[in-house]
Peer 1: 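Quick one: the structure is below, and I'll ask about it shortly.
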Amino acid sequence: MSYDLAVVGAGPAGLTAARVAAKRGLRVALIDGYARTGGQFLRGAAQPRLTGVEVKLGQRVWAVEKSPGGFQVHASATTTAATLLIATGAHDTVLPFPGWDLPGVLTAGGAQALVKGERIRPGAEMVVAGTGPFLLPVAVTLLEAGVRVKEVLEANRPSPLMAAALARNPSKAAEALAYVRRLAAARVPYRTGHAVVAAHGKDSVEGVTVARLTPEWRPYAWRTVDCDTVAVGYGFTPQVDLALQLGCELSGDHVVADDRQRTSVEGVLAAGEVTGVAGAPSAVVEGALAVHSLVGEPPPRLLAEKARLRRFARALERSYPVRDGWRDWLTPDTVVCRCEEVTLRAIDEARDLGAHDPRTLKLLARPGMGWCQGRMCGHAVARLTGHEPAPQKRPFAQPITLADLTLHDREDNA
Amino acid sequence: MVGAGIVGASCAYALTRAGVRVTVVDRGGVASGTTGAGEGNVLVSDKEPGPELELALRSNTLWRELDAECGGFEWEAKGGLVVAETPEVLDALTAFAASQQGVESAVVDPRDLEPHLAEGLAGGVHYPQDAQVQPMLAAARLLRASGARLVQTAVERFLVSGDRVTGVRTGQGDLYADAVVNAAGTWAGSFAQAPLPIRPRKGFILVTQPFAVPPVRHKVYTAAYVTNVASDAEGLETSGVIESTQAGTVLIGASRQRVGYDTAIDYTVLAKLARQAVGLFPVLADAQVMRAYAGLRPYSPDHLPVIGPDHRLGGLFHACGHEGAGIGLAPATAEMITAQVAGGTPPVDPAPFAPGRFA
């Protein structure tokens, strides 16, 4: 069976697109690697009714290919559709620091997913650190799960740009204020210009070093805080693997999409964080707009809403950048690539051997060659060679078994 | 030296040791082309008797010396194991092995050497001289040890004065030299002033998850690989080539296609490689594939490397066209080029590799 539309990713963008498409009479398949819909943002929320949508969960998409009638989406089964919507979201951006390879160091998104999706309390006493407003809901989620959140540390300083953006977006301001009040009520300090610059412990985290940061994130004035778990998040990186496989144009870290979510490749749409991190409300609007590129005209109201939310997202992005001072947190023994256990010393040796770009560094010292394929260390490795982090082509967006791969020998199928 | 792949790096190393001052120019930096897309094969097993086998045997000796002198590139004399599915193929393989003068080989029960091999194979031949290096590290270490300067920029053309090459024009200006060595790999044929019939032959490699103890010890390949290496076929050819690396991953090849400079992923070809790997090592069926990449092997019409002085222009030397054997053949190529540039007699006769043979 071939669909009119295949949606990859059942987060806010994908869910909205699938629902709207079904309502408009399109044959639509919604595919997600997780066992429930919702994606990262709606993880653990009640499952929405998706009348008329073919929902394919637990299907981790490892590749998409052009085919004569449209596209093939390869997971444990292959789905074919005339149009493809990539709504694969984003993952946490993380930075290395001494001890970040200890058990008990989680990403902010990962900590939140444990609570929302698995109803697991990640730790008893936690520190939340990183940059961006996402740290606030993560801390609140942890509080509500019964975690004693000792501190929330924002590496950047308060930004006038952000204050202005909040003033123009009262609903966002109210949301932020509610989080801040909740933290204050629980007596959780929220400190700007601070970061976790090291984690300590024998077999798992027993404490962290917290430092004050200069505006460029160089540490000074250190102290230790006892905790058993730390959640770190330095923003988000769009998951553009599928778009790259199809050759969609990118700008920086995200897929380029027009006002109706069309990418540079005919028949391929993209919506939500994959087109630039802007949050769930924006993803919902873009999911709906994507369907309008197939059926009818986009309502001006949606276009205006998208523009407004994107403006806010740009203000966020400029207010919470990752600054290069984190490199001073590292020691020669700090593991930069956790999968392949590549230390800063090994990276410096490879640079000394002539690795002046992320690819050569990977070839000589192996960072990014392991299980996560550079999703965790990619940002750091790029910056350590003086390059802007750029998405890498990954022929396998997810690992698959050799046995499953043999099934794609098409001459045998014919 | 145009090119900072394994051939350029090996030549730089040998030449500087002979007292030549060398500057290496590469648009992508060290090991950014075919060297960075291979398995690091140092093979004698797949070479037919003839000049390439001589070069491979000499290289095999030189690699051992380089490991002792320089090292740091995961040299591993793991040995090769060629397996035959049927008695007929085994007979042909055994006869082939007997014809390879100077090559050590022994007919074996393949499962004695590789306990995880599939049952039902007719037999195999063990080649203890076959070895592996980490090719990117090898190029980088040799280049570093040479002391040669690396300039990362594109070579646009040769500078020619009369009938001599006097240097190269690069993206960062002109570089003058008494001799220019063309070690530009897949792109070595494309210099307008001294073209060569070098073309790309695409290949894919699959990389599995890391294993604590990889289930493959030797370089294991099917007898069909030898036929494919020497083949002139235009279309897709695949044969199972499986080995592990010191990082614990298993590398799976090999495919050959003539599709120009296109390095796009083709999942049908990857699926065929997977099928062959699981056929040889059923234990790999549940292994996760993490990565795949394509590389371009630079080949010449007679599948021999192109090594020696250009037949049209003085001061220009070629060291290219090694197809899929560049890592293995690099040290002996460098030895030959050094003798030709700096004076001396190389141990292997350079005549069969002369660039003028296609004229």
Peer 1: Mind checking ring-ring contact (aromatic ring centres under 6.0 Å, His included) for A/Phe396 and listing every partner two or more places apart, or none if nothing turns up?
Peer 2: A/Trp62
Peer 1: Kindly indicate whether the side chain of B/Leu273, heavy atoms from C-beta on, has any atom under 4.5 Å from the side chain of A/Leu405.
Peer 2: no
Peer 1: Check whether B/Leu150 gets within reach of chain A through its side chain, its backbone, both or neither, counting any heavy atom under 4.5 Å.
Peer 2: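 For B/Leu150, neither part sits under 4.5 Å from chain A.
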Peer 1: Without swapping roles, check the side chain of A/Glu65 against the backbone of B/Asp266 for a donor-acceptor pair under 3.5 Å.
Peer 2: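 Not confirmed, A/Glu65 side chain does not pair with B/Asp266 backbone.
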Peer 1: Please tabulate, for side-chain N and O atoms in residues 67-74 of chain B, each donor-acceptor pair with protein atoms closer than 3.5 Å (sequence neighbours left out).
Peer 2:
from, atom 1, to, atom 2, distance (Å)
B/Glu69, OE1, B/Tyr13, OH, 2.5

Peer 1: Is there a donor-acceptor pair under 3.5 Å between the side chain of B/Tyr293 and the backbone N or O of A/Pro395?
Peer 2: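 It does not hold such a pair.
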Peer 1: Given heavy-atom pairs under 4.5 angstrom as the criterion, report whether the side chain, backbone, both or neither of B/Val30 touches chain A.
Peer 2: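 Backbone plus side chain of B/Val30, per the 4.5 Å heavy-atom cut-off to chain A.
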Peer 1: So which heavy atom on A/Glu340 is nearest to which on B/Pro210, and how close?
Peer 2: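 So the minimum-distance heavy-atom pair works out to OE2-CG, 4.5 Å.
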Peer 1: Do any of residues 366-387 of chain A come closer than 4.5 Å to chain B, heavy atom to heavy atom, and if so which ones, in number order?
Peer 2: A/Arg366, A/Met369, A/Gly370, A/Trp371, A/Gln373
Peer 1: For the atom pair CD1 (A/Ile400) and OH (B/Tyr267), what is the distance rounded to the nearest 0.5 Å?
Peer 2: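 Reported value, rounded in 0.5 Å steps: 9.0 Å.
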Peer 1: Please look at B/Gln276 and chain A and tell me whether the side chain, the backbone, both or neither of the residue comes under 4.5 angstrom of a heavy atom of that chain.
Peer 2: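 For B/Gln276, no heavy atom lies under 4.5 Å from chain A.
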Peer 1: Can you measure from NZ (B/Lys272) to OG1 (A/Thr406) and round to the nearest 0.5 angstrom?
Peer 2: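 Output value for this atom pair is 11.5 Å.
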Peer 1: Do other residues, nucleotides or ligands put more than 12 heavy atoms under 6.0 Å from the CD atom of A/Glu341?
Peer 2: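 Open.
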Peer 1: Closest heavy-atom contact between A/Asp409 and B/Arg275?
Peer 2: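 Reported closest heavy-atom pair: OD2-NE, 3.4 Å.
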Peer 1: Would a 4.5 Å heavy-atom cut-off, applied to side chains only, mark A/Thr401 and B/Val289 as touching?
Peer 2: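 No. Closest side-chain heavy atoms not under 4.5 Å.
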Peer 1: Within a 6.0 Å radius of atom CZ on B/Arg21, are there more than 12 heavy atoms belonging to other residues, nucleotides or ligands?
Peer 2: no
Peer 1: Side chain to side chain contact (heavy atoms under 4.5 Å, CB included) for A/Leu353 and B/Leu137? Distances and angles first, verdict last.
Peer 2: CA-CA 9 Å; A/Leu353 273 177; B/Leu137 275 179; 4.1 Å; yes
Peer 1: At a 4.5 Å cut-off on heavy atoms, which part of B/Ala140 comes close to chain A: side chain, backbone, both, or neither?
Peer 2: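 Both parts, heavy atoms under 4.5 Å.
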Peer 1: Please check if atom CZ in A/Arg338 has more than 12 non-hydrogen atoms from other residues, nucleotides or ligands closer than 6.0 Å.
Peer 2: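 Above 12, so yes.
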Peer 1: Check each of B/Val278, B/Leu270, B/Val250 against A/Leu402 using the side-chain contact (heavy atoms from CB on, under 4.5 Å) test, and report the only one that passes.
Peer 2: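 Running side-chain contact (heavy atoms from CB on, under 4.5 Å) over B/Val278, B/Leu270, B/Val250 with A/Leu402 returns exactly one hit, B/Val278.
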Peer 1: Pick one of side chain, backbone, both or neither for B/Leu143, based on which atoms fall under 4.5 Å of a heavy atom in chain A.
Peer 2: neither
Peer 1: Partners of B/His218 by ring-ring contact (aromatic ring centres under 6.0 Å, His included), sequence neighbours excluded?
Peer 2: B/His126
Peer 1: Could you have a look at B/Arg291, B/Met136, B/Gln209 and say which one has the most heavy-atom pairs with chain A under 4.5 angstrom?
Peer 2: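 Max contact count across the listed options: B/Arg291.
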